[in-house]
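Chain letters run A, B, ... following the sequence lines, proteins first and then strands; every chain starts at 1.
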Amino acid sequence: MTDRTAETAYDPQAVEAKWRARWAERRTNEPDLDRPAAPFYNLMMFPYPSAEGLHVGNMFAFTGADVYGRYQRLRGRTVFEPIGYDAFGIHSENYALRIGEHPGVVIPRNIANFRRQLERVGGMFDWRHTVDTTDPAYYKWTQWIFLELYKAGKAFKKKAAVNWCPNDKTVLANEQVEGGRCERCGALVEQRVLEQWFFRITDYAGRLLDNLDGLDWSDTTRTAQRNWIGRSDGAEVGFAVAGSTVRVYTTRPDTIFGATFLVLAPEHPLVDAITVPGQRAAVDAYRRTALATDVVSRRSGDRQKTGVPTGATAINPATGRPIPVWVADYVLMEYGTGAIMAVPGHDERDFEFATKYALPIVRVIAEGGSPRPAAFAAEPEATPSAAYTGGGRMVNSGEFDGLDVEAAKTRVTAWLESQGAGEGKTLYRLHDWCVSRQRYWGPPIPIIYCDHCGPQPVPERDLPVLLPPVEDFRPDDSGVSPLARHKEWYHVPCPACGREGRRETDVSDTFLDSAWYFLRYPSVGLDDRPFDPARTRRWLPVTSYIGGNEHAVLHLLYSRFIMMVLHELGHVEFEEPFTRFRAHGMIVKDGAKMSKTKGNIVVPDEYIAKWGADTFRTYLMFLGPLTDGGDFRDDGISGPRRFLDKLWSLVGEVAAAEGGASGPTASTAGRGGPPSAALTAKWHRAKMRATEGMEELRYNTSIAAVMELLNAVREEGCHHRALVEELVLLVAPVAPHFAEECWERLGHQGSVFDARWPAFDAALAVDDSLEVVVQVNGKTRSRITIDRSAAEPEVVAAALADPGVQRHLDGKAPKKTIYVPGRLVNLVV
RNA sequence: ACCCGAGUGGCGGAAUGGCAGACGCAGCGGACUCAAAAUCCGCCGGGGGGCGACCCCCGUGUGGGUUCGACUCCCACCUCGGGUACCA
């Protein structure tokens, strides 16, 4: 015996270190971006580089995407798999404030740690093409995109209500307000009206909605986007009030005969004009209170509704009757016209309000299919106990009585139009995207204000507008960004007239950074352009995008919007950036999302140190379908390790048997012969199942199929080389370093990822003889073995002859026989 | 409240109209060992019957339905997770 036959134990640390170095040295993961044979852009959502490092949930997500990329590569695609860092934003800034360091110091440190972890876990990342959103070489082009939108009229400034914490002296995002209080200091949050930059995403609402139908995305994600865009079909109707007209929006024009009062939002511009003198004091007081209330709690639906009458009267254009006009903050100025017609009989909110203030409630829809106006007409006199929001037929509605609700919507709208009282209108819930932040840690918005020329875009040659390295980046109570305190930076000549100008001091939203990073990846390093046209044409749209469903709405929607605008401006040829999107599940710990505040973060490093990255990857992917996620517990990790150990030994045995010229004995060599017919069938079945699992992101079933095959191979003692090589290929996506090492031990020179994913023959995946289940009245009573070629009559005859079946037939002949070829016979007696 | 998703052994899960519990973890029994670890072999949803090969009954959150046949499809409900939150 030579040394070659000696069993070497699997040492993951050594194997993984070796292949990490080998990949870097051989440039294994660096595809030719200019001449790709079959490009496959494998994208995963880039992380925010927190101080805690990547936790198990991140590893689960990245590994899941990486496995898919590696699988595609084995299928012969030229896979580009980049990664980067979403490093601007309030998260980083707040963390830096808390520990008293500058984000410019903290972030690079975190990034270094992230990169170490990402390399350690074995991602197939192309490190030539990494993106850091805080790098001026990147945000130069984020600013360029802002200006493209600005020049196209898609970026504009307007006043908007924001949450203001008087203690922290800062604007708070809606998520930072809890129960009307600042989540950090507990102070009561106020509403402040500030000038903000917005993007006109609402111009694209219809297209953003319609395009969803053609995308290969998870249904959950598409549904979330649809709900967010929130299309409503209805009508805008004018109500005459004190010499002017109040326009309201409704999705229920059919209920207009039941509109018993109008409600205006406190901010509505007509409130002053219509309020009668006697009510002015009450209305003014109410408006002041409403304006002071923070945005979040004002919008909370659980709150008791409040309001005041204006004393004015409107004319219901359908009934011609006068109805009172109220002001109440349950009506929002941002949606529709900021005024509603209240139909308490058929709207829960209006019902609640009408009940509280003793306003009239009139039913105009009768539940049920048949018109029963007479029966229903009596009811308005009684006190209704709730709003009726279901379908039915019109009552108390003049000429429309008896019509079905759906038909009435169209008919009433047409009638209003003919009367000049209103018109059909489609609205979207989607708001324009507020992109400005009165903060420090972001890309400065590249606008210069000039008293003579107005706002001027920073000329492209002057980009990037560098974020100045100010020491005191804490927000103050001025409501403007800390950048305003940096005088040398703030004062700048006007690019148009050269006279004194001032920089915009707001920075842009982090979501803008992440709305185009995938467009930058292929062109990283080309510093004179944001994205190279040729590269972009080759690589985009993204072939596969995998990420968390927490970004299902904002990030994906904003990215789609930005691409739509760039497309419209002729910068990119596509409109939709992500051909296929799948949301991975979330890994939780003890039922809760992993977070530092909950103290339940599981750090992957220790598991990788103990078990190796490949075992850890296999374990994570074996937990369940990628789309499911789950509760993290580490008690099963030894299973995947044992699996790899067994495959390792098998590879060693095969290599040893063939390797030493003097070594192998006749008996060892004989085991290298072809597998039995039964094992051959299992082999092909395993390949089939493994392939399906990869395609559907159900890697757990792929791994299970390979485990089963390995067990069968070991049981038979088979050392057939082709079979063992394919076992290695089948685990390669989940256990890449391991597979490389095995591939080399089997005598191959190059990377296992330059080999091909095993093909299967569906015809070979079936045994010559099959086991068919025999049921009597749907209950399994026996199993019979038949030849694969057996036809129905033979199988049924065999089933009837089976003693176990006869016992349950009680001598009766079956009334009906169902035969599912190759699977089952059901005898109904 | 509304929208989406999920409920299957002790645990992670498999089976998407055709043998429920694949694969793995944990557990139990055995082999090897002075011993332990590792490894290997066997058992492993519950109940009942048989010396035994085996056989019977129950079982996929609850209640109904469709079907020869339902974890799978339909209706209603319960529980958990996620998202949205007065959008007229």
Side-chain contact check for Ile818(A): nearest option of G18(B), C19(B), G5(B) is G18(B)

Using atom C1' of each nucleotide, how far apart are C58(B) and U8(B) to the nearest Å? 15 Å

Would you indicate, yes or no, if C3(B) has its OP1 or OP2 atom less than 4.0 angstrom from a side-chain nitrogen or oxygen of Arg226(A)? no

Where does the angle between the aromatic ring planes of Phe511(A) and His551(A) fall among parallel (under 30°), tilted (30 to 60°) and perpendicular (over 60°)? perpendicular

From the options Ile587(A), Asp634(A), Val56(A), select the one residue that forms a side-chain contact (heavy atoms from CB on, under 4.5 Å) with Val602(A). Val56(A)

Without swapping roles, check the side chain of Asp614(A) against the backbone of Pro12(A) for a donor-acceptor pair under 3.5 Å. no

With heavy atoms under 4.0 Å as the rule, sort Leu623(A) into base, sugar-phosphate or nothing. sugar-phosphate

Taking G7(B) as the reference, what is the distance to U60(B) when you measure between their C1' atoms (whole Å, please)? 9 Å

Which residue lies toward the 5' end of RNA chain B, Gly636(A) or Gly624(A), if each is placed at its nearest nucleotide? Gly624(A)

Using whole Å, report how far CG of Leu824(A) lies from P of A20(B). 10 Å

If we take the C1' atom in both G27(B) and G9(B), what is their distance in whole Å? 13 Å

P atom, A76(B) versus C25(B): distance in rounded Å? 43 Å

Heavy-atom count check: over 12 atoms from other residues, nucleotides or ligands less than 6.0 Å from Arg823(A) CZ? no

Are more than 12 heavy atoms from other residues, nucleotides or ligands located less than 6.0 Å from atom CD of Glu696(A)? yes

Measure CD/Glu334(A) against C1'/A85(B) and give the value in whole Å, please. 14 Å

How many whole angstroms separate atom NZ of Lys425(A) from atom P of A88(B)? 14 Å

Grab the CZ-P distance between Arg641(A) and G24(B) for me, whole Å please. 17 Å

Spacing of Asp631(A) atom CG relative to G81(B) atom C1', expressed in whole Å: 11 Å

Using a 90° cut-off around 0 for syn, call G9(B) syn or anti. syn

Give a yes-or-no answer on whether the side chains of Trp217(A) and Gln225(A) include a donor-acceptor pair shorter than 3.5 Å. no

Nearest-angstrom distance from the residue atom CG of Asn227(A) to P of A85(B): 11 Å

Please report the distance, rounded to the nearest Å, between CG in Asn826(A) and P in C68(B). 10 Å

Would you please confirm or rule out a distance under 4.0 Å between OP1 or OP2 of C40(B) and any side-chain N or O of Arg714(A)? yes

Name the nucleic acid region contacted by Ser638(A), choosing base, sugar-phosphate or nothing; use a 4.0 angstrom heavy-atom cut-off, strictly under. sugar-phosphate

Would you indicate what Lys779(A) reaches in the nucleic acid, counting non-hydrogen atoms under 4.0 angstrom: base, sugar-phosphate, or nothing? sugar-phosphate

Rounded to the nearest 0.5 angstrom, the OG1-CD1 distance for Thr618(A) and Ile637(A) is 9.0 Å

Take the angle between the ring planes of His584(A) and Phe60(A) and call it parallel below 30°, perpendicular above 60°, tilted in between. perpendicular

Check this for me, if you would: do Asp216(A) and Arg582(A) make a salt bridge, where the nitrogen-to-carboxylate-oxygen distance has to be below 4.0 angstrom? yes

Taking the side chain of Trp228(A) as heavy atoms from C-beta outward, which of C40(B), A85(B), G18(B) is closest to it? A85(B)

Pairing of RNA chain B as dot-bracket, 5' to 3': ( ) intra-strand, [ ] crossing, | other strand, . unpaired, with Watson-Crick or G-U pairs under 3.5 Å? (((((((..(((.....[....))).(((((.......))))).(((((....)))))..(((((..]....))))))))))))....

Shortest non-hydrogen pair, Ile340(A) vs Asp350(A), comes out as CD1-OD1, 3.5 Å

Pick base, sugar-phosphate or nothing for Arg698(A), based on heavy-atom distances below 4.0 Å to the nucleic acid. sugar-phosphate

P gap between C2(B) and C56(B), integer Å: 48 Å

Separation of the P atoms in C40(B) and A53(B), to the nearest angstrom: 27 Å

Short heteroatom pairs, N/O only, protein and nucleotides 21-23 of chain B, under 3.5 Å:
{"unit_1": "A22(B)", "atom_1": "O2'", "unit_2": "Glu708(A)", "atom_2": "OE1", "d": "3.4"}
{"unit_1": "A22(B)", "atom_1": "O2'", "unit_2": "Glu708(A)", "atom_2": "OE2", "d": "3.1"}

Do other residues, nucleotides or ligands put more than 12 heavy atoms under 6.0 Å from the NZ atom of Lys610(A)? no

Using the closest heavy atom to pick a nucleotide of RNA chain B for each, name whichever of Glu550(A) or Tyr335(A) lands nearer the 5' end. Glu550(A)

So which nucleotide from A20(B), C3(B), C11(B) ends up closest to the side chain of Arg633(A)? C11(B)

Under the 6.0 Å and 45° cation-pi test, does Lys425(A) pair with Tyr249(A)? no

Examine A26(B): is either OP1 or OP2 under 4.0 Å from a nitrogen or oxygen in the side chain of Arg642(A)? Give yes or no. yes

Atom C1', compared across C73(B) and G81(B): separation rounded to whole Å: 24 Å

Quickly work out the Glu348(A) CD to C2(B) P distance and round it to whole Å. 8 Å

Could you give the distance separating C41(B) and C4(B) at their P atoms, to the nearest angstrom? 49 Å

